[in-house]
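Everything on this sheet refers to the single structure shown next.
Labels below follow one simple rule: chain letters A, B, ... track the order of the sequence lines, proteins then strands, and each chain is numbered from 1.
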Protein chains: 2
Amino acid sequence: MLALDTRYTPAKATKSSKLVEFMPGVELPGFSMPFERDSEVFGEGEPADFAYKVISGVVRTLRVLDDGRRQISAFYFPGDIFGVEIGEEHANSAEAVTTVEIALVRQSALLKRTGENPAAACELWAQTSQELKRARSHLVLLGRQTACERVANFLLQMSGRQNNDESVSLPMSRTDIADYLGLTIETVSRTLSQMERKGAIALLNCKHIAIKRRDALECSEH
Amino acid sequence: MLALDTRYTPAKATKSSKLVEFMPGVELPGFSMPFERDSEVFGEGEPADFAYKVISGVVRTLRVLDDGRRQISAFYFPGDIFGVEIGEEHANSAEAVTTVEIALVRQSALLKRTGENPAAACELWAQTSQELKRARSHLVLLGRQTACERVANFLLQMSGRQNNDESVSLPMSRTDIADYLGLTIETVSRTLSQMERKGAIALLNCKHIAIKRRDALECSEH
DNA sequence: CGTTTTTTTGAGAGCGGTCAATGATGGTGG
DNA sequence: CCACCATCATTGACCGCTCTCAAAAAAACG
């Protein structure tokens, strides 16, 4: 029901190539292209020919089980890189959460560069290591936290990635939030409403939330 | 209640140094030392001076919340490396699941080597990347799978890491399994019993399980 | 302004958690 | 070698959080 095969990647390999600063101090030949909302950037199991960097917009990576259950592993914001793989193929799918502009560089070019340039290799490793750290925090959230704690953490996480002081923007749908937090959309919605009733947040509209009292986020009594 | 501060690491820095093959083709000065069951190899927040490799036995890495909730992020078996960090300090604790022998090398030496040797850098990145891949599968398990599926996956995972054909050995306690799977020990125990009743497995003893019918592992009806 | 999609809210059910008791297991000392 | 004790694993009864199903409300879109 969510499967929109709107992806339009016919030109992946035929775009005009220019230099892309893929990581700090690492420029590689590549190109930039737009993806529309909910289109697939790459699919699980597809050959990992390219590495990706978000120029603008938001991307999600996820895995889908046979029966449609989805688990989003991460959201990527402008400047973030994703889709760098050790194996021959992508272990997750990547989709555009919003309209996005994405820079692509050849994975082979990236690996070649890291083979020559220790600083680039270190940077690549640092990126992966950073992702691993995030994934481990995500494990704690999914394995050991209540719905309230998950939503609260999510809001703080999103807040931390934005400069806007006390208003968090949520570019993704409730479905995405739920599939990131291992909950249902109903539980996410109810939890947000409950937080608002307690005065911890204000739902400006469904994509913009003001955090009023951080201490009141963690739900305790009813 | 689980906090055994049995760690005996007084000699971490004063052991006689020899060459350790830390990763394939990467030999570094280091040393090997034993840890007893349930002792701490390193703690969350401690400076990440060393990188570690399991020689024998099993290690767990985990994070503990204020109220005692534990989430185990991974188990490490002989040959596995762990504790390599991008930051100044360890993001997880590491503890001995069984009596273990662990090789230690200085993180600084490892990074210095990867800065000189592209092959070593690539190998380190591959290791981290591999871990990330595992963590992402773990995310799906914790976020989207039922107790039955989690336990079944765990058994298959453990089976896959052992050569013994149809009998899986579980060196860790039920508590460890539960904290890895985001469940309680009661649920783990009940699920295993239920699998046995269905003829999918046989509980030889509480640390040894025979997988009889892989297809029957996934619990469906009652 | 009507249609479709997304979000919110409600009512009820079920899976897994909590609390508690029983049964194994393993280590220790008599 | 066995009795004793401590720890760990299993089982049972019950409860509550989150899911499911359903409908209403709000937002997005043409």
Whole-Å distance separating the CD1 atom of B/Ile185 from the P atom of D/dT10 | 9 Å
Choose from C/dG16, D/dT18, C/dG10 the nucleotide whose nearest atom is closest to any side-chain atom of B/Thr187.
-> C/dG16
Identify which nucleotide among D/dA9, D/dT11, D/dT20 has an atom closest to any side-chain atom of A/Thr184, counting heavy atoms from C-beta outward.
-> D/dT20
A/Glu186 side-chain proximity, nearest of D/dG12, D/dA9, C/dG10 | C/dG10
Without hydrogens or angle criteria, can the side chains of A/Ser193 and A/Glu196 be said to hold a donor-acceptor pair below 3.5 Å?
-> no
Would you kindly give the CE-to-C1' distance between B/Met172 and D/dA9, to the nearest whole Å?
-> 16 Å
Residue among A/Phe154, A/Tyr180, A/Phe75 satisfying ring pair (Phe, Tyr, Trp, His ring centres under 6.0 Å) with A/His138 | A/Tyr180
Verify the distance criterion only: is there a donor paired with an acceptor across the side chains of B/Gln107 and B/Tyr52 at less than 3.5 Å?
-> no
Give a yes-or-no answer on whether the side chains of A/Arg63 and B/Ser137 include a donor-acceptor pair shorter than 3.5 Å.
-> yes
Could you say whether A/Ala147 or B/Cys206 is positioned toward the 5' end of DNA chain D, judged by the nucleotide with the nearest heavy atom to each?
-> B/Cys206
Kindly point out which of D/dA13, C/dA11, C/dT8 is positioned nearest to the side chain of B/Arg190?
-> D/dA13
Do you see a donor-acceptor pair shorter than 3.5 Å between the side chains of A/Thr61 and A/Ser73?
-> yes
Rounded to 10°, the angle between the first-five-pair and last-five-pair axes of the helix from C/dC1-D/dG30 to C/dG30-D/dC1 is 50°
Just how far, in rounded Å, is C1' of D/dA9 from CG of B/Asp179?
-> 15 Å
How long is the line joining CZ of A/Arg37 and P of D/dC29, in whole Å?
-> 7 Å
Nearest to side-chain heavy atoms of A/Lys207, which nucleotide of D/dC19, C/dT8, C/dT7 = C/dT7
Measure from CG on A/Leu192 to C1' on D/dA26 and round the result to the nearest Å.
-> 15 Å
Which nucleotide in the set C/dG16, C/dT18, D/dT20 lies at the smallest distance from any side-chain heavy atom of B/Thr146?
-> C/dG16
Grab the CG-P distance between A/Asp38 and D/dA28 for me, whole Å please.
-> 15 Å
Toward the 5' end of DNA chain C, by each residue's nearest nucleotide, A/Arg144 or A/Ser189 = A/Ser189
Quick one: do B/Arg69 and B/Asp179 make a salt bridge, cutoff under 4.0 Å?
-> no
Once you round it to whole Å, what is the distance between C1' of C/dT8 and CD of A/Gln194?
-> 14 Å
Please report, rounded to the nearest Å, how far the C1' atom of C/dT9 is from the CZ atom of A/Arg197.
-> 9 Å
Side-chain heavy atoms of A/Gln162 within contact of A/Ser169, under 4.5 Å | yes
Ignoring backbone atoms, establish whether A/Arg174 has a side-chain N or O less than 4.0 Å from OP1 or OP2 of C/dT8.
-> yes
Is it true that A/Lys53 and A/Asp80 make a salt bridge, defined as a side-chain N closer than 4.0 Å to a carboxylate O?
-> no
Selected nucleotide, minimal atom distance to B/Leu183 side chain, candidates D/dA9, C/dG16, C/dT9 | C/dG16
